[in-house]
Amino acid sequence: MGGVEDEEPALKRLKLSSIGLVALSNVSSLKEPVGGSSSGFMARPLSSPEGDKQVIGSRGLIKREEFVRIISKALYSLGYRKSGEHLEEESGIPLHTSAVNLLMQQILDGNWDESVASLHKIGLEDESIVRSASFLILEQKYFELLDGEKVMEALKTLRTEIAPLCTNSSRIHELTSCVVSPSPRRNTVRVGSRSKLLEELQKLLPPTIMIPEKRLEHLVEQALISQRESCPFHNSLDKEISLYSDHHCGKDQIPSRTSQILEAHDDEVWFVQFSHNGKYLASASNDRSAIIWEVDVNGGLSVKHRLSGHQRPVSSVSWSPNDQELLTCGVEESIRRWDVSTGKCLQIYERTGAGLVSCAWFPTGKYILSGISDKSICMWELDGKEVESWKGQKTLKISDLEITGDGEEIISICKDNAVLLLNRETKDERFIEEYQTITSFSSSKDNRFLLVNLLNQEIHLWNIEGDPKLVGKYKGHSRTRFIVRSCFGGLKQGFIASGSEDSQVYIWHRSSEKLIEVLSGHSGAVNCVSWNPANPHMLASASDDRTIRIWGLNCMKVMHQNAHTNGIHYCNGGNLDEAKLIFN
């Protein structure tokens with residue numbers, strides 16, 4: 001119950017509980033006794049044989065008294081005053097003790113000295129809470145005296161009552177200054193703000209004495225969130241979670257059906273990446289080209305631009321922060337910057353005597369980063385001017401390159417078994433050290449986590465806030481010779497997807513580390529995967545079979561056409577030879 005014992009009948013108590021704290025903001029309620037009329041009720045014992053049980057629920061975890069009080073609180077908060085009164089009366093369990101009700105009524109009536117005295121009678125054991133609560137009450141008294149132009153009384157209250165309670169001298173000075181320079185709070189002090197004082201006290205006092213506002217709603221939301229996060233297939237913004245049954249999604253929420261096969265490349269496809277807005281997909285190939293694919297309103301992809309000019313295979317791409325430009329990186333060659341709308345090459349970045357091996361955009365979009373074959377990292381202005389360089393063992397000839405969203409840390413593979421997190425300003429270095437050779441990595445959207453692919457066919461999830469910490473492992477895919485990349489994806493990036501040398505795509509539930517889906521269809525090693533950040537039901541995979549597969553939901557309905565152009569197959573699942581749809 002929290003506080004003092006109380007054996008008098010519930011209806012004889014001051015019934016502040018009958019309106020909770022909801023009506024306290026109504027100034028007119030201050031003119032009535034707290035709680036309103038309850039003369040129509042008669043005290044009666046519980047008739048249910050369950051009434052004597054101290055705990056309820058199949059597992060005996062829920063204390064009956066707490067449960068009833070929280071329900072009463074919810075009823076009053078929802079405005080069901082009579083229902084709250086009935087529950088208190090029939091259960092014999094009051095929302096608050098009479099001592100707490102008296103305290104609350106005294107505050108509403110502005111009986112400040114009596115309120116402070118009552119604080120010592122509600123069962124508070126922590127003297128610091130008593131002092132803090134007394135300070136809040138007396139502060140309200142002080143402001144109301146000033147508001148009533150009783151300056152001398154206010155100063156006396158400040159000097160003799162508030163000051164002895166306050167250990168923060170600056171706060172005393174602030175209150176004193178209100179006499180000559182009224183604060184915004186003083187200007188808004190009226191009797192109705194006493195209800196706000198009660199809300200502040202409610203946050204301060206132990207929940208056994210005054211139950212926090214919306215406690216039942218908070219508990220229910222926690223339960224729903226827990227169910228959602230434990231559901232291995234939850235991947236839809238439109239999925240309604242109901243209180244009527246436990247939440248569970250089926251596999252139909254995971255993109256597992258080939259909806260399109262993109263066949264415009266002439267050689268192995270090594271890299272794919274969706275734009276930040278999900279409207280485009282960029283692919284890089286051993287055929288020395290990159291392609292920008294456009295996603296239409298129905299989820300179909302078509303070639304927007306073929307980007308040619310590299311003299312060597314294109315190993316990776318990187319989208320600008322606004323998705324208006326794209327970087328492509330040739331294998332130990334150069335980086336090219338392209339205009340997405342026109343397909344025109346805007347700039348070529350290269351260094352004499354060295355090749356560029358990786359690329360990334362600075363978060364502002366005003367600079368680009370590149371890994372160099374001499375193991376350094378450099379930053380360029382968009383016009384091609386090199387503005388900064390970090391020399392030494394900062395990257396490898398085969399390495400991913402990223403920078404955090406705040407622009408502070410550059411991330412790169414610096415040794416066979418280590419990822420470097422380099423602070424751009426301070427030059428401080430942090431490391432993720434593995435016991436196996438690292439082949440690739442990718443960061444989460446919030447830059448808090450890093451997926452690290454290892455030679456031993458494991459993917460490790462690292463929390464890189466503060467000291468890097470290994471928090472997850474994913475197994476099952478195949479990787480023995482080639483670079484295979486993985487990614488975060490799905491709703492709130494709740495899944496991990498990876499390519500594999502066995503021609504399949506693997507999908508794990510991120511938090512449980514459980515393998516939930518294996519996607520078959522490619523006829524060569526799957527080198528890279530990318531999950532559309534704007535559509536949790538769209539996944540792309542790039543393969544040595546020279547194709548890109550777009551994966552969607554099994555329940556998707558597609559139209560069949562007989563056209564055969566642009567190197568795009570649109571499939572309706574099952575046997576792809578029996579159901580091909582190729583866009584014009």
Side-chain angles (χ1 to χ4, degrees), residues 3-4 13-36 96-124 126-206 209-210 212-213:
V4 298
R13 303 185 185 96
L14 287 171
K15 297 273 302 212
L16 177 74
S17 56
S18 62
I19 56 172
L21 293 179
V22 176
L24 296 181
S25 58
N26 186 343
V27 177
S28 64
S29 68
L30 303 176
K31 300 177 182 179
E32 305 175 359
V34 181
H96 299 121
T97 66
S98 59
V100 173
N101 282 335
L102 177 61
L103 167 66
M104 298 170 80
Q105 186 67 61
Q106 289 168 339
I107 289 173
L108 291 174
D109 293 340
N111 297 328
W112 307 118
D113 296 339
E114 293 86 343
S115 300
V116 173
S118 293
L119 279 174
H120 295 273
K121 302 175 183 179
I122 62 174
L124 291 174
D126 190 335
E127 186 61 29
S128 64
I129 294 179
V130 175
R131 290 173 64 87
S132 298
S134 298
F135 180 85
L136 289 176
I137 293 172
L138 293 171
E139 188 179 56
Q140 178 73 19
K141 174 185 177 181
Y142 172 74
F143 281 123
E144 289 196 17
L145 287 171
L146 288 180
D147 195 54
E149 298 185 357
K150 299 177 180 179
V151 177
M152 296 308 296
E153 289 184 48
L155 289 174
K156 180 181 178 182
T157 295
L158 178 62
R159 183 176 62 256
T160 63
E161 298 179 80
I162 297 178
L165 294 172
C166 186
T167 58
N168 186 348
S169 58
S170 62
R171 181 57 181 159
I172 297 297
H173 292 313
E174 289 176 13
L175 295 176
T176 304
S177 66
C178 291
V179 175
V180 293
S181 178
S183 68
R185 175 172 175 177
R186 177 188 165 184
N187 291 336
T188 60
V189 167
R190 294 293 183 271
V191 177
S193 66
R194 295 170 184 173
S195 62
K196 300 298 182 183
L197 170 59
L198 280 175
E199 292 177 6
E200 292 183 40
L201 287 172
Q202 181 178 259
K203 298 174 185 177
L204 179 64
L205 299 177
I209 293 177
M210 293 180 69
E213 193 68 25

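Along the sequence shown, the residues carry numbers beginning at 1.
- For Glu153, there are no side chain to side chain donor-acceptor pair (under 3.5 Å) partners two or more places apart in sequence or in a different chain.
- Ser132 places none of its side-chain heavy atoms less than 4.5 Å from the side chain of Leu136.
- From Ser115, atom OG reaches atom CZ of Arg194 across 9.5 Å, with rounding to the nearest 0.5 Å.
- Residues Val116 and His120 share a closest heavy-atom pair of O-CD2, 3.4 Å.
- The CG atom of Leu158 sits 9.5 Å away from the SG atom of Cys178 when rounded to the nearest 0.5 Å.
- In this structure, Glu213 does not pair ionically with Lys203, as no charged nitrogen and carboxylate oxygen lie closer than 4.0 Å.
- Salt bridge status for Lys141 with Glu144: absent, with no side-chain N to carboxylate O gap under 4.0 Å.
- The structure places CG of Leu119 at 4.0 Å from CD1 of Ile137, a figure rounded to the nearest 0.5 Å.
- Annotation: the span from Leu138 atom CG to Asp113 atom CG amounts to 7.5 Å, rounded to 0.5 Å.
- A distance of 9.0 Å separates OG1 in Thr97 from CG in Leu103, rounded to the nearest 0.5 Å.
- Atoms CD and CE, on Glu199 and Met210 in that order, are 9.5 Å from each other to the nearest 0.5 Å.
- Contact annotation: the side chain of Glu161 never approaches that of Lys156 to less than 4.5 Å [non-hydrogen atoms, C-beta and beyond].
- Side chain of Tyr142 to main chain of Leu155: no donor-acceptor pair is present (N/O by atom type, distance under 3.5 Å, no hydrogens or angles).
- The backbone N or O of Asp126 lies less than 3.5 Å from no partner atom in the side chain of Arg131, so there is not a single donor-acceptor pair.
- With His96 as reference, Asn101 is the one residue of Ile209, Asn101, Ile122 to meet the side chain to side chain contact (heavy atoms under 4.5 Å, CB included) rule.
- The shortest distance between side-chain heavy atoms of Leu198 and Gln202 does not fall below 4.5 Å.
- Side-chain atoms of Leu201 and Ile107, non-hydrogen and from C-beta on, do get closer than 4.5 Å to each other.
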